[in-house]
Amino acid sequence: MDKTFEPKSIEQQCYQKWETSGMFKASGHGDPYSILLPPPNVTGSLHMGHGFQQTIMDALTRYHRMKGDNTLWQVGTDHAGIATQMVVERQLNAQGKTRHDLGREAFVEKIWEWKAQSGGTITQQMRRLGTSPDWDREVFTMDDERSEAVTEVFVKLHEEGLIYRGKRLVNWDPVLHTAVSDLEVLNEEEAGHMWHMRYPLADGSGELVVATTRPETMLGDTAVAVHPEDERYQHLIGKDIKLPITGRLIPVIADDYVDPEFGTGCVKITPAHDFNDYDMGKRHALPVINILTADAKINDEAPQAYRGLDRFDARKQIVSDLEASGHLVKIEDHKLKVPRGDRTGAVIEPFLTDQWYVAVESLAKPAIDAVESGEIRFVPENWNKTYYQWMHNIQDWCISRQLWWGHRIPAWYDEQENIYVGRTEAEVRAKHNLAADITLRQDEDVLDTWFSSALWPFATMGWPNDTTELETFLPSSVLVTGFDIIFFWVARMIMMTKKFTGKIPFKDIYITGLIRDENGDKMSKSKGNVLDPIDLIDGIDIEALVSKRTSGMMQPQLAEKIAKRTRKQFPDGIQAYGTDALRFTFAAMASTSRDISFDMNRVEGYRNFCNKIWNASRFVLMNTEDADTGREGGDMELSLADRWILAQFQQTLKEFEAALADYRFDIAAQVAYEFTWNQLCDWYLELTKPVLNSDASTQAQKRGTRHTLINVLESTLRLLHPFMPFITEEIWQKVAPLSMVGTSGHSVTTAAVNDAAQQSIMVQPFPAQDTSLQDQQVLSDIEWVKRFIVGIRNIRGEMDISPNKPLNALLRNVSEQDSRRMKAAQPFIDRLARLESITVLNAGEQAPASATALVGDMEIMIPMAGLIDKDAELSRISRAMEKVEKDVSRTRGKLNNDKFVSNAPDAVIEKERGKLDEGEKQLAKLKEQFETISAL
RNA sequence: GGACGCUUAGCUCAGUUGGGAGAGCAUCGCCCUUACAAGGCGAGGGUCACUGGUUCAAGUCCAGUAGCGUCCACCA
């Protein structure tokens, strides 16, 4: 084995072996365990959020597969209507063309070409991440079967009256020329103005002043509203206003929606261009005058002078015209929420159009019940509040989009605009007895992408057909996703899956945090702080990184700043850390917090961890290859250390599995890391050396230690495998033949998997918990040994004694237990503390001036002669005394408190008493030492 | 306006049903000891945001304050 771990050399070939051998398939036996991959955009590429969530899903998948479950990770991609259409449109624009130049059919053809070309990117990147979904079951939201499901759901909901077509105000994106749902509109506070405008009464008897943030909409005003009890305006209610510029007459109406305190207390009402005004218009039967075109220019309803102007140019014009005619009272600065499309950033216009809607109220009820009853569980739990809050106020869902890329709506119109909904045109004709000479045209619109996503849990399992997969893998075990799509996706899946299968879509919803940059900022192209998981795996030089971050930008003027910052943060580019280090980092960061600042230092730390595993394995292999590890039998004697590491491993295993059951991947990672590095490497490997390297050890002892060494390593690799698939596989290949693997003859592999697959760690059983190995006596014995060794190391460190210099130790106040432990552990102590001799002093025997360490009541003394700096030792002792004193006085205070003694549980009091006793003894000894040394 | 979250070591974060403040990284000292310098051994470092309450006992429970953040709704 090489001296350092080189991830690049093993990962790709290892993955290929896994994939081709069929080990990613559900085994067909055991309890079903399944996870749905939230389908990424088919033409997208992997970002940190994907890497994070997919690591978690893969860890769960690999863990359950090893546990012997019938494990399926269902994979697929999403057509991502708006996003994908925009990408291809932008490519066309670069050639000076628009999609309209091509026409719908040719444009859609172009998108399919783009999909064919770049559609594999993200799934290839998932492979780099080591994910293990069943690739043979990969689906696409617009493939034939998923499209069939979409049509089926649409038609059925329509038959039940739960999908309807209606003319309403919608959120209109004037750049995309499509309606979007409420969720796709972002309301950000922006600086704007409030214009106060004079509206004269038609009879010339006076005027009122309205305040508005959108003066241009006055062209479509059809009323002015005041509060019914507003005394200032009582006399005006019912009168007519003569609208400036257009000269139209509009009434003054009373409606308690108006807040008399705000603005002037008079509100201009524009039903066609404001949601609240629209409602009020309905209440008062006001006319609805639409003044905008689909690209948000003034239309022909307005006076000639304004026609064709963009709404913001029209605003300027109208304000200046009102000012000229004396109708403008004042302009105030005003902060307001501006609605913008989440894709385009364009200001969204409320716009009156015909759209398709899902009536969600009846679907929401069972979906709420499913969470309230506990059938579906959010993790962390408090996300259910977010869910309830939205579900209880849910509005009908606008599902039609005026795009070309997506599922075409299965509705047809005849020449009289009658609507027919059906699976196909033929079905529609048959059902409604429409003669062949009646021309039908299909609805031009496509469905919201989230409509097909909502069907994911059952559409991926073959619905509407009755399949064994539906029976076996629905509901899935857990959904792993971010809180940003609870409404978009999670809620809608619950509604649709309940509706069409009667089942819940998944049992647990594990909501991950959002990965942010090292400053806690969201990663975005325009901020130039995006990290690509693949770059962390393979590394990237600074020039490539800068050009990646600054190319294809929407705002090229930011490029320079971004380049500068990038060069500062990564002067030497990014190192290649490898997949396992990245995955382990993701796992270790998956705590309960909702924002996760990604810290490059941690990746480096976990890369070092990989190297640690690598080198520990080298050590084990050096000592077990070509040696007798007990695989073929033979006498074995396990040392104290051997039994200790087995007990420690069991403890770790238990905590690890408990953490996974709670989706606490951070704890699981922490526990595994701590065991591997701080127990296995720092102590156990060192403790094997005295056995293996000593001529005094018997064959049985050496065999026992080698046996333990190789098998604990083998088990540890299996423990770590769900997080670190590659390095564990690579090492396991060398370790397994020396260990007991295969000798007991059981494996979780499916019968369909070929023999080569048997040679993989990923289909080995996960380590089994075995309480008989959790020997408390052994654990505390080694605890004692560690304290002994650390005590001496401590003296060395403080006294600047070289670790190489052999020392002679004296012991005083040695109990029977101490003697027993000494006997069992002396070779360990001699080696690790580098002692030349250990002498036990008899009671009353005079000790020379020494530096001292305490292990319980026992004193370890290193005679000072020629070694020790007196002042240093004195300051060391007084520091120790201070610590103990602080503890003792606090404990004594507690025990002197009657209320504590009478109220606290006995166990707690006992513990405190023991602590006090121990502390006082220690203090006495420290004092004695201090005096001895002072006297020198 | 409503809901939710955060504030613990220089940095990034853990801290279960209340019972002796932890990890990684960074810092300081010693060490190329035959697995590993991407390493070993040791050390220093915290008024747990603030105020009050409950309790024998509060980082942990309750109330309030301040700062930061997210989501939802929205007054033209």
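So that the names make sense, note that chain A is the first sequence line, chain B the second, and so on, each numbered from 1. Keep in mind that this is a model prediction, so the values were computed, not measured.
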Worksheet item: Mind checking whether A/Phe5 and A/Trp614 have parallel, tilted or perpendicular rings, split at 30° and 60°?
Response: tilted
Worksheet item: Mind checking whether A/His334 and A/Phe262 have parallel, tilted or perpendicular rings, split at 30° and 60°?
Response: perpendicular
Euclidean distance, atom [atom1] of residue [X] to atom [atom2] of [N] [Å, nearest integer]:
X        : N      : atom1 : atom2 : answer
A/Trp683 : B/rA35 : CH2   : P     : 17 Å
A/Asp595 : B/rC71 : CG    : C1'   : 12 Å
A/Asp662 : B/rA14 : CG    : P     : 16 Å
A/Ile511 : B/rC4  : CD1   : C1'   : 13 Å
A/Met622 : B/rU34 : CE    : P     : 12 Å

Worksheet entry | Residue-phosphate contact under 4.0 Å: A/Thr270 side-chain N/O, B/rA76 OP1/OP2 | no
Shortest side-chain distance from [X], nucleotide among [options]:
X        : options                : result
A/Asn608 : B/rC36, B/rG39, B/rC56 : B/rG39
A/Val790 : B/rA35, B/rG42, B/rA76 : B/rG42
A/Ala904 : B/rC56, B/rA38, B/rC36 : B/rC56
A/Asp259 : B/rG42, B/rA76, B/rG44 : B/rA76
A/Trp677 : B/rG40, B/rC25, B/rA35 : B/rG40

Worksheet item: Is RNA chain B part of any stem, that is, at least 3 consecutive Watson-Crick or G-U pairs with both distances under 3.5 Å, and where?
Response: B:1-7 with B:66-72, B:10-13 with B:22-25, B:27-31 with B:39-43, B:49-53 with B:61-65
Worksheet item: So, does the side chain of A/Asp887 form a donor-acceptor pair with the base of B/rG20 at under 3.5 Å?
Response: yes
Practice prompt. Please evaluate the base of B/rC4 for a donor-acceptor partner in the side chain of A/Lys385 within a cut-off of under 3.5 Å?
Written response: no
